[in-house]
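Just so it is clear, the values below take in all heavy atoms, side chains as well, and ignore hydrogens, waters and symmetry mates. Both ligands and their constituent atoms are indexed starting at 1 by order of listing. For reference, positions follow the sequence shown, starting with 1.
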Amino acid sequence: MSLPNLVGMLPSEMEDLAVELGASRYRGRQLATWIYRKGVVELEAMTDLPKDFRSALAERVVVALPEVERETPSQDGSRKLVFRLEDGARVSSVVMPDDGRVTLCLSTQVGCGYACAFCLTGTMGLVRNLTAAEILGQVLRANAVEHATHLVFMGMGEPLANYAEVVKTLKILTDAKLGLGYSPRRITVSTVGLVTGIEKLGRENLKVNLAISLHAASDEVRSRLMPVNRAWSLEALMAAVRRYPLAPRQRVFFEYVLLDGVNDAPEDAQRLARLLRTVRAKVNLIPFNDWPASEFRRPPLARILAFQSILLDAGITTTVRWSKGEDIGAACGQLKEAVA
Ligand code: SAH
């Protein structure tokens, strides 16, 4: 039996553990401070903890982060970190410095079970969920090199299909006293559109940003691109999105991958504008990133810009997101690592 990991435990669980080991709750808070606020994971380095408490801990728990197996820098300033997990599985994170912010893109599963037609990760199928320790470990490892100011759950996997571990991670990330202290407004959770997950996440009242991978404004096209649309139609999805609690100036993000001749016509843009009329939306257009054996292509620049102007004319904030790290296989939809 392997020992439980302190990384990934809620601060309150660390307090309970301290009491179980005959110490005060305060010792648990010190532990959380060392790991989450200072990023220190060696028990020997936690010098303000009594020696006997540290040895008692060492018999009961480990403090373990996933190993960075490889770090690949891109021409554009982004970096891909490939982690090797305990069972040999690999996942990646992408660090994207831009304009004073540093955005870290996190994985939540090994592979993904949703099989979107244009996504390389989708060709892997779902291998397994990541634990909160493995998701937080990506943040702690990356922050040790360069502090991420913004976190996006847009790497490998479907965050809302790994609900419990993702929510636990979000609680630790946003705990201002004993966690990492991220403002929820600097965290974005992206989903293929799992309606029950969106509703549950709204009820957690975590106040994180919600991003919807939309990619089509009609059920016919969306079901062809995203099998999940057969379970949750656009109507059900948009109803759930409208119920997601938003702060006064907060908006829901919609990602829309532009695929040549598939969803990039002016009529598609008009349909999208109509669909989003009743939500506080911001659209991110993502020109398709190519991968070997994919059946899709990126539309010509003029068509991308024409699509954007239709949305802008309809009064919808719309940006074109030129993915980072395309040259190192780190761009949206390009993440895939050998499993073992
Ligand atoms: N499963 C979640 C989190 C992944 S986010 C979700 O789908 O929202 C990754 C984003 O990149 C998604 O919007 C996805 O649809 C998009 N994407 C996937 N493959 C892509 C590709 N080849 N080119 C551009 N974007 C892609």
Side-chain angles (χ1 to χ4, degrees), residues 80 91-94 96 103-127 129-130 135 138 150-163 165-166 169-170 187-195 197-198 201 208-216 221-222 224-229 231-232 237 240-241 244 252-260 262-264 272 281-299 304 307 319-336:
K80 176 159 95 164
V91 292
S92 33
S93 310
V94 187
M96 297 168 287
T103 303
L104 176 64
C105 181
L106 300 168
S107 293
T108 55
Q109 297 182 313
V110 183
C112 181
Y114 287 90
C116 299
F118 46 81
C119 180
L120 179 60
T121 308
T123 63
M124 294 176 68
L126 175 63
V127 180
N129 282 330
L130 296 187
I135 307 171
Q138 298 168 57
H150 294 72
L151 304 175
V152 295
F153 286 70
M154 296 186 184
M156 285 170 86
E158 166 52 41
L160 298 185
N162 183 12
Y163 190 85
E165 296 298 299
V166 165
T169 303
L170 292 171
I187 298 179
T188 300
V189 175
S190 182
T191 175
V192 292
L194 302 187
V195 166
I198 294 169
L201 186 67
V208 295
N209 299 303
L210 176 68
I212 305 290
S213 289
L214 197 63
H215 308 321
V221 179
R222 193 165 192 270
R224 222 177 332 127
L225 296 175
M226 305 178 72
V228 69
N229 195 68
W232 304 110
L237 174 57
V241 167
Y244 188 78
V252 176
F253 303 122
F254 290 88
E255 292 144 290
Y256 193 103
V257 58
L258 284 166
L259 307 167
D260 192 27
V262 176
N263 64 356
D264 63 339
L272 179 59
K282 175 171 188 281
V283 173
N284 288 314
L285 300 174
I286 318 173
F288 174 66
N289 296 308
D290 206 2
W291 41 273
S294 114
E295 54 176 305
F296 299 100
R297 272 172 314 157
R298 179 181 291 189
I304 295 171
F307 196 97
T319 58
V320 180
R321 195 202 287 158
W322 297 101
S323 293
K324 299 263 182 183
E326 217 188 326
D327 55 336
I328 52 167
C332 307
Q334 287 187 330
L335 298 179
K336 180 178 175 184

> Which atoms of ligand 1 have any heavy atom of V257 under 4.0 Å away?
Replying inline: 23 (N), 24 (C), 25 (N)

> Evaluating non-hydrogen atoms only, which member of H215, E326, E255 is closest to atom 14 (C) of ligand 1?
Replying inline: H215

> Does the pair E326/R298 count as a salt bridge with the N-to-O cut at 4.0 Å?
Replying inline: yes

> Taking distance alone, with no angle check, do G157 and ligand 1 share an N/O pair under 3.5 Å?
Replying inline: yes

> Less than 4.5 Å apart, any side-chain heavy atom of F307 and any of L258?
Replying inline: yes

> Who's the nearest protein heavy-atom neighbour of atom 19 (N) of ligand 1, and how far?
Replying inline: G333 CA, 3.0 Å

> For ligand 1, which atoms sit closer than 4.0 Å to a heavy atom of C119?
Replying inline: 18 (C), 19 (N)

>> What protein heavy atom lies closest to atom 9 (C) of ligand 1? Include the residue and the distance to one decimal.
In response: M154 O, 3.5 Å

>> What's the separation between atom CD1 in I187 and atom CG in L170, rounded to the nearest 0.5 Å?
In response: 6.0 Å

> What atoms of ligand 1 come closer than 4.0 angstrom to any heavy atom of T191?
Replying inline: 6 (C), 8 (O)

> For N284 and E255, does a side-chain donor sit closer than 3.5 Å to a side-chain acceptor?
Replying inline: no

> Among protein heavy atoms, which sits nearest to atom 21 (C) of ligand 1, and what does the distance come to when rounded to 0.1 Å?
Replying inline: C332 O, 3.3 Å

>> Under 4.0 Å from a heavy atom of S213: which atoms of ligand 1 are those, numbered in the order shown and with their elements?
In response: 6 (C), 7 (O), 8 (O), 12 (C), 13 (O), 15 (O)

> Are L126 and Q109 side-chain neighbours, meaning at least one heavy-atom pair lies under 4.5 Å?
Replying inline: yes

> Quick check: does L120 get an N/O under 3.5 Å from an N/O on ligand 1?
Replying inline: no

>> Measuring from atom CD1 of I198 to atom CG of L237, what distance do you get when rounded to the nearest 0.5 angstrom?
In response: 5.0 Å

> I286 heavy atoms, cut-off 4.0 Å: which ligand 1 atoms fall inside?
Replying inline: 24 (C), 25 (N)

> Between F118 and H215, how do the two ring planes meet: parallel, tilted or perpendicular, split at 30° and 60°?
Replying inline: perpendicular

> Between the side chains of T108 and E158, does any donor sit under 3.5 Å from an acceptor?
Replying inline: no

> Is there side-chain contact between C116 and S213, with heavy atoms separated by less than 4.5 Å?
Replying inline: no

> What do the steps show when you test V283 against T319 for side-chain contact (heavy atoms from CB on, under 4.5 Å), and what is the final call?
Replying inline: CA-CA 6 Å; V283 173; T319 58; over 6 Å; no

>> With a cutoff of 4.0 Å, is A211 in contact with ligand 1, counting heavy atoms of the residue only?
In response: no

> With a cut-off of 4.0 Å, which atoms of ligand 1 are near a heavy atom of G155?
Replying inline: 4 (C)

> atom 24 (C) of ligand 1: which of D290, N289, L259 has the nearest heavy atom?
Replying inline: N289

> Which of the atoms in ligand 1, numbered in the order shown and given with their element, are less than 4.0 Å from a heavy-atom of W291?
Replying inline: 22 (N)

